[in-house]
Amino acid sequence: MKTMKKSHKGTVIVNIILLALVIVWSIPILGLFISSIRPQDNVLNTGWWTVFGENSGFTLDNYKQVLGGSQYTFVNSAGDTVRASGDNLTRAFLNSFTVTIPSVIIPILIAAAAAFGFAWMIFPGRKLFFTIVVALLVVPLQIALIPILRDYQALGLTGSYLGIWLAHTGFGLPLGIYLLYNYISTIPRDVFESAFLDGARPMVVFSRLVLPLSVPAIASLAIFQFLWVWNDLLVALVFLGGTNDVAVLTQRLANMVGSRGQDWHLLTAGAFVAMVVPLTVFFALQRYFVQGLMAGSVKG
């Protein structure tokens with residue numbers, strides 16, 4: 001009985017600590033969102049926490065300005081009509097999707113196929129190749145940027161989406177193969193033996209057995225890859241350049257920091273736009289996240 005009481009007390013303490021951490025972690029996000037819907041004068045003169053005591057209300061003009069690409073007029077908090085030029089983040093938002101979605105799907109498919117081969121297929125040099133893949137995890141991607149850029153210039157891939165898709169695929173494959181290998185190698189051997197005895201080819205086994213059974217690990221890898229590609233600035237700047245036609249969201253936000261360094265109402269709106277998609281992806285796949293991270297840690 002005493003043991004049960006101690007266990008219950010310990011659970012309550014842990015829950016309280018976790019709740020406190022969640023609240024502390026959420027405060028900056030809440031402040032960012034509130035600042036993004038406040039008028040410019042209020043953002044510059046008072047803190048976001050004073051919003052609960054002021055009567056000025058909220059506005060969506062900040063989002064209209066950062067997402068729009070043309071000039072328009074709006075009325076500020078002082079009642080003056082102001083003409084402003086939009087930052088056209090909508091195009092950058094779509095460019096980020098164009099870069100991110102293939103850069104997530106392509107390496108996941110290749111990594112899953114490679115992990116299946118390393119885990120369950122016998123071929124010469126399997127251990128050596130897998131060792132090389134694991135060793136690539138410690139190689140900084142920055143040292144490969146210039147050599148790859150020179151090759152892209154020779155092939156005419158600079159400034160193209162295909163070039164950055166291939167770059168993100170190459171940079172994401174070592175972690176993807178290692179993570180999926182740990183999961184796929186724990187699938188019972190009997191599943192594959194039964195399939196091969198029934199005459200199933202390796203591609204059929206991969207598409208109908210390996211991929212469905214590896215959903216937790218694939219979802220975990222998808223979160224990592226999506227967050228990395230979506231928030232990437234360096235690789236996009238090197239391989240895409242800085243033109244507005246192909247610039248991703250992180251590039252446009254960096255430009256906004258330089259051109260609108262004092263316009264906090266616009267910077268917070270742009271930052272919140274950039275945060276919405278990663279948060280949505282994480283919460284949509286979070287039930288697989290821990291299970292995918294623990295893949296291969298326990299066998300039995």
Side-chain angles (χ1 to χ4, degrees), residues 18 21-37 48 60 62-67 87-109 111-112 141 161 164-165 167-176 179-180 215-240 242 244 246-257 260 264-295:
L18 292 176
L21 290 175
V22 170
I23 293 174
V24 172
W25 189 267
S26 302
I27 287 176
I29 300 176
L30 177 63
L32 186 74
F33 174 70
I34 292 176
S35 298
S36 69
I37 57 176
W48 65 268
L60 294 178
N62 302 335
Y63 287 95
K64 292 179 181 178
Q65 186 167 348
V66 298
L67 293 175
D87 292 284
N88 196 21
L89 287 190
T90 301
R91 174 135 194 183
F93 191 80
L94 297 177
N95 290 342
S96 290
F97 271 112
T98 304
V99 170
T100 303
I101 293 177
S103 298
V104 172
I105 296 176
I106 296 173
I108 284 179
L109 292 178
L141 67 89
Y161 289 123
I164 196 169
W165 293 341
H168 280 304
T169 298
F171 294 143
L173 277 179
L175 175 62
L179 181 62
L180 294 180
V215 168
I218 291 175
S220 181
L221 176 60
I223 292 176
F224 279 121
Q225 185 73 1
F226 189 95
L227 294 180
W228 176 52
V229 177
W230 184 270
N231 295 321
D232 169 71
L233 174 60
L234 178 61
V235 177
L237 194 60
V238 171
F239 296 116
L240 282 181
N244 291 332
V246 294
V248 295
L249 199 55
T250 51
Q251 293 176 269
R252 298 291 293 118
L253 288 176
N255 293 337
M256 284 181 61
V257 172
R260 301 184 180 274
W264 289 104
H265 60 298
L266 300 180
L267 294 177
T268 53
F272 196 79
V273 168
M275 289 173 54
V276 168
V277 174
L279 287 175
T280 303
V281 171
F282 178 79
F283 286 120
L285 301 177
Q286 65 172 335
R287 62 176 179 156
Y288 300 112
F289 188 65
V290 175
Q291 186 178 356
L293 286 181
M294 297 297 292

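Bear in mind that the values here come from a model prediction, so they are computed numbers and not experimental data.
Using a distance-only test at 3.5 Å, with no hydrogens or angles considered, no donor-acceptor pair links the side chain of Q65 to the main chain of L266. A donor-acceptor distance shorter than 3.5 angstrom exists from the side chain of S26 to the backbone of V22, with no hydrogens or angles considered.
Smallest separation of non-hydrogen atoms from P278 and A274: CD-O, 3.1 Å. The minimum heavy-atom distance linking G176 with A111 is given by the pair C-CB, 3.6 Å. When all heavy atoms are compared, the tightest approach of A269 to N62 is CB-CB, 4.0 Å. In plain terms, the two heavy atoms of A254 and L233 that are nearest each other are CB-CD2, 4.4 Å. When all heavy atoms of L179 and S220 are compared, the closest pair comes out as CD2-OG, 4.3 Å. Across every non-hydrogen atom of Q225 and S103, the tightest pair is NE2-O, 3.0 Å.
Taking A92 as the reference, L249, R252 meet the side-chain contact (heavy atoms from CB on, under 4.5 Å) condition, with sequence neighbours excluded. Shown here are the side-chain contact (heavy atoms from CB on, under 4.5 Å) partners of V235, two or more places apart in sequence or in another chain: L141, L145, I164, A167, H168, F171, D232, F239. Applying the side chain to side chain donor-acceptor pair (under 3.5 Å) criterion to S36, with sequence neighbours excluded, gives Y63. Taking the side-chain contact (heavy atoms from CB on, under 4.5 Å) definition, one finds that V277 meets it with F93, F97, F226, W230, V281, sequence neighbours left out. Scanning for ring pair (Phe, Tyr, Trp, His ring centres under 6.0 Å) contacts around F33 gives F272, with sequence neighbours left out. Shown here are the side-chain contact (heavy atoms from CB on, under 4.5 Å) partners of A112, two or more places apart in sequence or in another chain: L180, F206, L211.
Considering V99, T98, N231 as possible partners of V248, the one that fulfils the side chain to side chain contact (heavy atoms under 4.5 Å, CB included) test is V99. For the side chain to side chain contact (heavy atoms under 4.5 Å, CB included) test with I108, the passing option among I106, V104, I105 is V104; the others fail.
Put simply, the side chain of I34 reaches to within 4.5 Å of the side chain of L30, judged on heavy atoms. A heavy-atom distance below 4.5 Å is not found between the side chains of S35 and H265.
One finds the OG1 atom of T268 at 9.5 Å from the CD1 atom of I37 (value rounded to the nearest 0.5 Å). The structure places CD1 of I29 at 4.5 Å from CE of M275, a figure rounded to the nearest 0.5 Å. Between the OG1 atom in T90 and the CG atom in L67 there is a gap of 4.5 Å [rounded to 0.5 Å].
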